[in-house]
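I have placed the structure first, in the form of structure tokens, so that the comments after it can refer back to it.
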2 protein chains.
Amino acid sequence: MIEAVQTERPTQEQRTDAMRARLLEATLDLIAEEGWAQTSTQKICKRAGVSRGAQTHHFPTKDSLLIAAVREIVARYQRDLDTVADDKNGDDWRLEQVFDFLWDACFEGNLLNCWMQVMVAARTDKALQPAVRETDSTALAAMRALGDKCEPRTGSRKTCAADLVELTVYLLRGMVVQSGVHPDQEERHRLFELWKKLAL
Amino acid sequence: MIEAVQTERPTQEQRTDAMRARLLEATLDLIAEEGWAQTSTQKICKRAGVSRGAQTHHFPTKDSLLIAAVREIVARYQRDLDTVADDKNGDDWRLEQVFDFLWDACFEGNLLNCWMQVMVAARTDKALQPAVRETDSTALAAMRALGDKCEPRTGSRKTCAADLVELTVYLLRGMVVQSGVHPDQEERHRLFELWKKLAL
DNA sequence: GCCATAACATACAGAACAGTCTGTTTGTAA
DNA sequence: TTACAAACAGACTGTTCTGTATGTTATGGC
């Protein structure tokens, strides 16, 4: 006797999760590829292969969908961060390793590009701003915590490591915006190495 | 005998200049206040008190207007830069003064906020990208030149001043985006002072 | 003064947009 | 199985958007 395959008839919760995931995925892809201004609910539905009725059922307004997308971006970034933190479990970080991780996470994939779109848009979009401020704060705190976990700094270079991490974050955010217009990544890497020499 | 007032009947060139100036002014205001995505030609015309016919006469497409606005942003920034440079004429800059000037120019007015909107939008707007890349390059070169004009650096701190200026620019760009969402300017200033201590 | 042309104004066309509505299918608990 | 609610689909509405086409006024060379 053949056992009925569970997935043949997905439960409602599974359907909801899958649908929301497809919509969020399409939203992030669109923000990355076409930019915030060109990201409409219609395009999102088309890209996700979802009817507009389904979209409005799960996200009744465009804002609610965008806010969910904002949280998804930071959730993914946090996941990357946790993964690396787990690998390092036990032994201390060196601050330089944190800097290099931030560099890598900044320029691989489109997460940071998406995030800059969101941050810039949030300045003039008051509906979006609270969610962006909140998620950005937690992400920033997580990155500062990475600095605190480093070996204590000695001698004349006893600047707070978390502050150095935060400076690095702002620097990299400026650079990732630059990278959208200027292709010369070599030059940026040279400058980042200079920054590391100054800070470490 | 009364001399005819020149301005009674403006020449065509004057009319064109005035109209273009009004449109660009309204465009920059809108980008600053409502953001790039919400900046439409209709709103621009309404704000400038200009008919849509006049706008399409001087800027036949939306792109042409936006590109002109892009150039205007950098032109204004350059003007600020020249003004300060003229005041300083003769005596050398100290690098710290350059840093402080960049900080002030970053957070007074909305020029830098506008510029970040433009840079972020240009990544996915191929029509905009060449103009943005070009104007940004010249502005960046002008700021690097400011670093070169400083007194030569001595001792162990003989890092290229222009590189330090460019790093500062990226850092400040990251910070100005942050300021659109997080209000705490004191904290940012504290971090900037830390950066100065490391770099100078 | 005259006429070509630039400067401006208004109306319209076609597309895209977000949101609402009604109807259909599917899961689930009684 | 039946009744109900959630999940999904598609059509429709009113608005806003950019670009264009047509008409009117002002300027400047002759």
Give the rounded distance in Å between these two atoms: [atom1] of [X] and [atom2] of [N].
X: A:Q55; N: D:dA6; atom1: CD; atom2: P; value: 19 Å
X: A:F59; N: D:dC8; atom1: CZ; atom2: C1'; value: 15 Å
X: A:R20; N: D:dA6; atom1: CZ; atom2: P; value: 15 Å
X: B:H57; N: D:dG23; atom1: NE2; atom2: C1'; value: 15 Å
X: B:L30; N: D:dC17; atom1: CG; atom2: P; value: 10 Å

Does any donor atom in the side chain of [X] or [Y] lie under 3.5 Å from an acceptor atom in the other side chain?
X: A:Q178; Y: B:R173; value: yes
X: B:R52; Y: B:Q55; value: yes
X: B:R188; Y: B:S179; value: no

Exercise for review: Determine the contact category for B:T61: base if any of its heavy atoms lies under 4.0 Å from a base atom, sugar-phosphate if only primed atoms, P, OP1 or OP2 are that close, otherwise nothing.
Suggested key: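 Since only primed, P, OP1 and OP2 atoms lie under 4.0 Å of B:T61, the category is sugar-phosphate.
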Review point. So do B:F192 and B:K196 actually touch side chain to side chain, heavy atoms under 4.5 Å?
Key: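 They are in contact (side-chain heavy atoms under 4.5 Å apart), so the answer is yes.
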Please determine whether a side-chain nitrogen of the Lys or Arg among [X] and [Y] lies less than 4.0 Å from a carboxylate oxygen of the Asp or Glu.
X: B:E34; Y: B:K43; answer: yes
X: B:R190; Y: B:E187; answer: yes
X: B:E72; Y: B:R22; answer: no

Review point. For DNA chain C, whose closest nucleotide is more 5', that of B:R52 or that of B:T16?
Key: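 Looking at DNA chain C, the more 5' nearest nucleotide goes with B:T16.
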Check your understanding: 5'-most contact on DNA chain D: B:R15 or B:K62, nearest heavy atom basis?
Key ->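 The residue mapped nearer the 5' terminus is B:K62.
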Protein and nucleotides 28-30 of chain C: nitrogen or oxygen contacts under 3.5 angstrom:
residue : atom : partner : partner atom : Å
C:dT28  : OP1  : A:T11   : OG1          : 3.0
C:dT28  : OP1  : A:Q12   : N            : 3.2

Without placing hydrogens or testing angles, list every side-chain donor-acceptor pair under 3.5 Å for residues 105-115 of chain A, not counting sequence neighbours.
residue : atom : partner : partner atom : Å
A:W115  : NE1  : A:D136  : OD1          : 3.2

Review point. Quick one, which residues of residues 35-50 of chain B touch DNA chain C with a heavy atom under 4.0 Å?
Key: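 Nucleic-acid contacts, sorted: none.
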**Study point:** Given D:dC8, C:dA7, D:dT20, the nucleotide with the shortest approach to the side chain of A:M19
**Key:**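 Selected nucleotide (nearest to the side chain): D:dC8.
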Exercise for review: Begin from the C-alpha positions of B:W103 and B:T168 and carry the test side-chain contact (heavy atoms from CB on, under 4.5 Å) through to its verdict.
Suggested key: CA-CA 9 Å; B:W103 170 275; B:T168 305; over 6 Å; no
Review point. Has B:H58 got a side-chain N or O lying under 4.0 Å from the OP1 or OP2 atom of C:dC8?
Key: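 So the side-chain polar atoms of B:H58 do come within 4.0 Å of the phosphate oxygens OP1 or OP2 of C:dC8, strictly under.
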